[in-house]
Amino acid sequence: MTYKGLVMDIDGTLYNSVKCITEATRQAIFRAREAGKIIAIASGRPVPGISDVSRRLDFAGKGGYIMGWNGGRIINAQTGQLISETAMPDGIVSEIAALAEEYSVPVVGHASDVLISERPDDEIIQLEARLNHMTVRKIDSLAGYTDQKLYKCIITGSGERLAELEKIAARRFEGRLSVYRSEPYFLEILPLGIDKAHGIDVLAKYLGMNKDDFIACGDGFNDLSMIKHAGLGVAMGNAQNVVKQNADYITGSCDDDGLVPVIEKFLIA
């Protein structure tokens with residue numbers, strides 16, 4: 001089967017291990033788009049953190065779609081049209097702040113163009129800011145913060161600590177929020193139902209397509225939803241084991257241009 005669209009994660013998928021898009025991968029994506037295929041990025045990163053990828057792939061000039069915050073904000077990058085937006089529900093951020101305080105872990109909130117935290121000097125929060133070209137605004141208390149809409153919160157810490165806290169947060173916010181790790185040291189908390197599978201459904205409806213028309217490629221925990229949901233779910237060779245176990249197809253690693261054979265075999269064959 002030849003598919004109509006490609007949805008890609010960034011880190012560990014489109015980016016190699018030194019955070020670059022290789023020219024071979026870039027040219028393969030260009031060939032797919034020239035063949036009329038839909039190209040989309042689905043990332044836990046905020047929209048500002050996807051700007052470099054969008055520019056490198058010439059989304060503004062040639063077309064492409066951005067699903068930031070794991071599908072919390074979806075944009076037609078060529079026209080600038082906002083396709084979908086889902087912010088954190090009123091009052092819930094105070095509960096997330098209380099959980100972080102209870103377990104003595106840092107938490108950061110994602111607004112549209114700035115990160116919000118009581119602990120802006122936390123090493124992992126600073127890493128998040130650098131990766132996404134955003135600044136961190138120090139506030140006295142995240143509880144009750146209402147100055148801007150927040151699209152998600154991230155609790156940071158060691159992989160072992162967050163593995164335990166993920167279970168606690170999932171129970172506490174069951175039926176109200178989505179909770180999962182994108183990296184071992186990032187525990188992401190988003191509006192209920194917001195994940196990359198949701199993003200594919202929204203984009204498919206916008207384009208008059210079906211979820212089965214898409215290939216979804218990723219490597220991390222937060223890619224599982226779209227890999228299980230899309231017409232073809234692809235795990236990178238460097239993917240987490242659970243991602244590989246749920247994929248329809250396993251390609252090469254991000255350091256071996258693993259996206260290229262997927263594009264050549266399933267999009268432009």
Side-chain angles (χ1 to χ4, degrees), residues 9 11-12 42-46 68-73 86-111 115-129 131-132 136-146 148-199 218-229 239-246:
D9 174 51
D11 299 286
S43 177
R45 288 177 178 237
W69 292 289
N70 285 319
R73 203 159 195 251
T86 307
M88 299 289 280
D90 292 342
I92 202 73
V93 174
S94 293
E95 295 186 49
I96 297 169
L99 176 69
E101 183 176 0
E102 181 180 345
Y103 288 91
S104 302
V105 288
V107 59
V108 58
H110 278 237
L115 303 179
I116 308 294
S117 181
E118 299 169 20
R119 296 166 62 175
D121 295 330
D122 174 76
E123 183 179 350
I124 300 177
I125 292 175
Q126 283 295 319
L127 172 62
E128 175 78 347
L131 285 174
N132 294 301
V136 188
R137 180 183 301 160
K138 186 180 188 310
I139 56 173
D140 293 333
S141 176
L142 189 62
Y145 179 82
T146 58
Q148 294 174 272
K149 289 187 291 188
L150 299 182
Y151 295 93
K152 75 173 178 180
C153 292
I154 297 179
I155 292 174
T156 69
S158 69
E160 182 178 339
R161 187 77 183 279
L162 292 189
E164 175 188 358
L165 193 54
E166 180 179 13
K167 298 173 185 176
I168 294 167
R171 287 195 300 268
R172 186 168 300 188
F173 299 120
E174 184 177 4
R176 297 189 293 152
L177 294 171
S178 294
V179 177
Y180 46 81
R181 281 184 295 162
S182 56
E183 298 287 350
Y185 46 83
F186 280 158
L187 178 60
E188 303 208 6
I189 304 177
L190 295 98
L192 186 65
I194 295 301
D195 58 23
K196 295 184 181 184
H198 163 81
D219 71 302
F221 299 117
N222 65 335
D223 298 317
L224 264 174
S225 68
M226 70 172 180
I227 283 173
K228 293 193 288 187
H229 191 63
Q240 301 284 344
N241 284 335
V242 67
V243 177
K244 292 180 179 178
Q245 290 163 6
N246 283 277

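- Taken to the nearest 0.5 Å, the CD atom of E128 stands 11.0 Å off from the OG atom of S117.
- Side-chain contact check for Y180 and D195: no donor-acceptor pair (N or O, by modelled atom type) lies under 3.5 Å.
- In terms of heavy-atom proximity, E118 sits nearest to L142 at OE2-N, 2.7 Å.
- Here the shortest heavy-atom pairing between R119 and I125 reads O-CD1, 3.6 Å.
- Evaluation of the salt bridge (Lys or Arg N to Asp or Glu O under 4.0 Å) rule for E95 yields R176 as partners, not counting sequence neighbours.
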Q | Test side-chain contact (heavy atoms from CB on, under 4.5 Å) applied to Y103 and I168, step by step | A | CA-CA 10 Å; Y103 288 91; I168 294 167; 3.5 Å; yes
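- Taken from CG in L99 to CD1 in I189, the straight-line distance is 6.0 Å, to the nearest 0.5 Å.
- Distance CD1/I154 to CD1/I124: 10.0 Å, rounded to 0.5 Å.
- The two atoms that bring L177 and P191 nearest to each other are CD2-CA, 4.1 Å, heavy atoms only.
- For the residue pair N222 / E188, no side-chain donor-acceptor distance below 3.5 Å is found, with atom types taken as modelled.
- For E101, the CD atom counts as loosely surrounded, since its 6.0 Å shell holds 12 or fewer non-hydrogen atoms of other residues, nucleotides or ligands.
- Remark: K149 pairs with E85 by the salt bridge (Lys or Arg N to Asp or Glu O under 4.0 Å) rule, at least two apart or across chains.
- Side chain of S43 to main chain of D9: no donor-acceptor pair is present (N/O by atom type, distance under 3.5 Å, no hydrogens or angles).
- Ring pair W69/H110 is perpendicular by interplanar angle, where above 60° counts as perpendicular and below 30° as parallel.
- Summarising the geometry, atom CD1 belonging to I227 is positioned 12.0 Å from atom CD belonging to Q245; distances are rounded to the nearest 0.5 Å.
- The main-chain N or O of L131 is found under 3.5 Å from a side-chain atom of R45 such that the two form a donor-acceptor pair.
- Minimum interatomic distance between I116 and L150 (heavy atoms only, all atoms of both residues): CG1-CD2, 4.2 Å.
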Q.
Applying side-chain contact (heavy atoms from CB on, under 4.5 Å) to V243 and D219, what does each step give before you reach the verdict?
A. CA-CA 6 Å; V243 177; D219 71 302; 5.8 Å; no
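- Closest of all the heavy-atom pairs between M88 and V93 is CB-CG2, 4.3 Å.
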Q) Going through the distances and angles, do D122 and V108 end up as a side-chain contact (heavy atoms from CB on, under 4.5 Å)? A) CA-CA 10 Å; D122 174 76; V108 58; over 6 Å; no
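- Between the side chains of R181 and Q240, no donor N or O sits under 3.5 Å from an acceptor N or O.
- The backbone N or O of H229 sits nowhere less than 3.5 Å from a side-chain atom of K196 that would complete a donor-acceptor pair.
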Q) Hey, mind stepping through L190 and T86 against side-chain contact (heavy atoms from CB on, under 4.5 Å) and telling me if it holds? A) CA-CA 9 Å; L190 295 98; T86 307; over 6 Å; no
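- Contact between F173 and I96 at its shortest, heavy atoms only, is CZ-CG1, 3.9 Å.
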